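Reviewing the structure listed below.
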Amino acid sequence: MARLRRVRRTALMAGMAILVGCSGAQNAQPNGSGTGAGPGPVSSSAVARTAVAVTGPWRAWTKSLSAREASGTCGATAHQVVCSTAPDGLVGRSRATGAVTWSVPATGTGGKNGGLVVEAADERAVTIGGRVLRAANLRTGRAAWTHRLPSRGSYLSIAATPGTVYALGTGDSVPSEGFTDLALDAFRASDGAPLWQKSVDADPTGGIAVIGNRVYTTDGKKVTARDARTGDTVATSPSALECPRLIFGGRYLVCAGSPLSAGDTFPPLRRLDPATLQPLATAEDTGMKSERGVISSDGVLVLHEDSAEDPGGGAWNAYDLERHRRLWSYDTTSDEAGLAGGRFVTFTPANASTRDRVITIDLRAGPDGTGAAAPRIAAWCPQTKSGEYPLLIMPGGDSGHVVVEPRKHRALRSIPLP
């Protein structure tokens with residue numbers, strides 16, 4: 001099987017523009033104890049905190065995370081950062097300083113947080129923690145609505161689109177092997193009103209995808225499409241197709257292998273018709289194990305792939321979904337990535353001369369791009385060190401910033417996009 005050509009890092013450096021974004025007064029120790037206005041971390045016994053108005057654009061800042069925030073998940077809109085706290089609390093932070101602007105305390109003291117979605121159009125942040133699904137108002141910082149499953153139930157994954165929140169969960173019995181007999185619920189984002197519930201055969205690690213007026217799940221092999229307004233099944237994928245995981249973006253839906261696979265061979269990358277779920281022509285992949293992927297609105301899939309037999313740093317491989325061809329490859333040591341301003345955002349390799357920095361790459365020109373399409377990297381920050389296992393949080397819109405969340409010394413650092 002054809003393999004992608006690996007880009008030599010010496011060639012990459014020749015056309016790369018380096019921008020300063022982490023130096024000066026904003027520098028902080030790895031624990032995030034930098035300068036900046038506003039209150040400090042939220043304590044584990046935090047009480048509800050009403051919203052504080054924030055004015056001005058996104059700025060560079062560094063803030064420590066509380067122990068409860070560090071146990072949850074952080075996301076962002078073009079206007080603020082939001083973090084979930086264990087098990088089902090939420091905290092809003094200022095785009096200008098990183099200071100806490102509002103908080104909704106958790107309803108319990110035990111259990112883990114299961115994930116977070118931020119839906120800017122409806123001004124909602126929604127999190128799951130055990131049997132609880134909970135939403136907060138992004139503007140007022142108040143609890144908006146809550147749903148609870150039966151005592152032995154548990155929410156496993158969530159997704160959101162403008163107007164609707166989707167949650168996949170178990171009922172009052174332990175799910176059988178393969179996560180069959182689960183329920184997919186749809187709720188109105190504004191007030192949590194139940195819209196529909198459907199029993200589904202689904203693997204929660206396969207993802208919930210939403211494109212237009214359809215919502216998609218996979219049981220590891222078969223993909224099912226449902227009408228987003230009613231939950232009724234409108235299409236299923238062919239029996240010959242094997243789809244462990246769904247990747248979607250814009251109007252594109254792709255089946256890829258699972259990063260949890262224990263084998264050394266994987267189903268081929270396959271684009272699906274969102275209307276019929278029939279396979280469409282797709283570029284040949286590398287044959288390696290897929291780890292994570294993002295898709296641009298114009299149909300460029302960038303997929304992180306690694307060797308199953310000899311795992312290493314892996315590589316980000318770009319595929320043109322419309323022209324069915326591979327575009328470029330970028331060796332790396334991180335599967336963290338996002339999209340911003342029509343460019344691909346990730347970290348430079350830990351063993352490169354410009355290691356442990358945020359880099360943006362033109363989606364079509366790749367790491368060999370020149371001129372305006374040349375790669376751009378930010379200055380080094382303590383929070384972007386590979387030993388911190390940093391996450392990337394993309395605010396979206398025209399914020400011009402990316403937020404880095406180191407997982408060793410938990411903090412948030414907002415830096416200008418290079």
Side-chain angles (χ1 to χ4, degrees), residues 28 31-130 132-148 158 160 165 189-192 391 393 395-396 399 401 403 405-406 409-414:
N31 65 4
S33 56
T35 60
V42 181
S43 70
S44 60
S45 59
V47 296
R49 184 170 175 177
T50 56
V52 175
V54 176
T55 59
W58 272 87
R59 295 189 177 94
W61 46 261
T62 305
K63 285 293 180 180
S64 298
L65 287 179
S66 68
R68 283 200 168 189
E69 286 175 288
S71 67
T73 304
C74 292
T77 71
H79 301 288
Q80 64 184 302
V81 176
V82 181
C83 296
S84 57
T85 65
D88 55 15
L90 292 155
V91 174
R93 287 183 174 269
S94 166
R95 65 182 179 271
T97 66
V100 173
T101 56
W102 57 262
S103 65
V104 176
T107 59
T109 57
K112 297 180 180 180
N113 182 263
L116 167 77
V117 291
V118 184
E119 215 303 276
D122 296 286
E123 298 182 331
R124 294 292 179 267
V126 187
T127 189
I128 51 175
V132 178
L133 174 71
R134 198 162 185 228
N137 187 308
L138 292 173
R139 181 173 52 84
T140 66
R142 297 177 181 174
W145 49 265
T146 302
H147 285 283
R148 286 181 173 83
I158 52 174
V165 174
S190 59
D191 59 6
L391 302 172
I393 301 169
S399 66
H401 281 66
V403 180
E405 181 186 354
H409 299 91
R410 301 305 287 261
L412 294 174
R413 182 153 197 165
S414 170

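These numbers come from a predicted model, not from an experiment.
In the model, T62 has a side-chain atom that pairs as donor or acceptor with a side-chain atom of R413 under 3.5 Å.
The list of side-chain hydrogen bond (donor to acceptor under 3.5 Å, both in side chains) pairs with a residue in residues 115-124, not counting sequence neighbours, reads E123-R139.
Listed for the D88 side chain is no donor-acceptor partner under 3.5 Å among the backbone atoms of A106. Remark: side-chain polar atoms of W145 are not paired, donor with acceptor, to backbone N or O of L133 under 3.5 angstrom. Using a distance-only test at 3.5 Å, with no hydrogens or angles considered, a donor-acceptor pair links the side chain of R93 to the main chain of G98. Without hydrogens or angle criteria, T73 side chain to S84 main chain gives no donor-acceptor distance under 3.5 Å. With hydrogens and angles ignored, the 3.5 Å screen pairs a side-chain donor or acceptor of W58 with a backbone N or O of A78. A donor-acceptor contact shorter than 3.5 Å is absent between the side chain of S94 and the backbone of A99. Within the 3.5 Å criterion, the main-chain N or O of P395 finds no donor-acceptor partner in the side chain of H401. A donor-acceptor distance shorter than 3.5 angstrom exists from the side chain of T127 to the backbone of G115, with no hydrogens or angles considered.
The OG1 atom of T146 lies 5.0 Å from the CZ atom of R134; values are rounded to the nearest 0.5 Å. To the nearest 0.5 angstrom, C83 atom SG is 10.0 Å from N113 atom CG. Rounded to the nearest 0.5 angstrom, W102 CH2 and L138 CG are separated by 5.5 Å. Separating the CG atom in L391 from the SG atom in C74 is a distance of 8.5 Å, to the nearest 0.5 Å.
Considering every non-hydrogen atom in both A411 and P406, the closest pair reads O-CD, 3.2 Å. Minimum heavy-atom separation, G141 to A51: N-CB, 4.1 Å. For A136 against V104, the heavy-atom pair with the smallest separation is CB-CG2, 4.0 Å.
A salt bridge is defined here as a Lys NZ or Arg NE, NH1 or NH2 lying under 4.0 Å from an Asp or Glu carboxylate O, and K63 with E69 fails to meet this definition.
Looking at heavy atoms from C-beta onward, R68 lies out of side-chain contact with V91 at the 4.5 angstrom threshold. Side-chain contact between L116 and L90 is present, with heavy atoms from C-beta onward closer than 4.5 Å.
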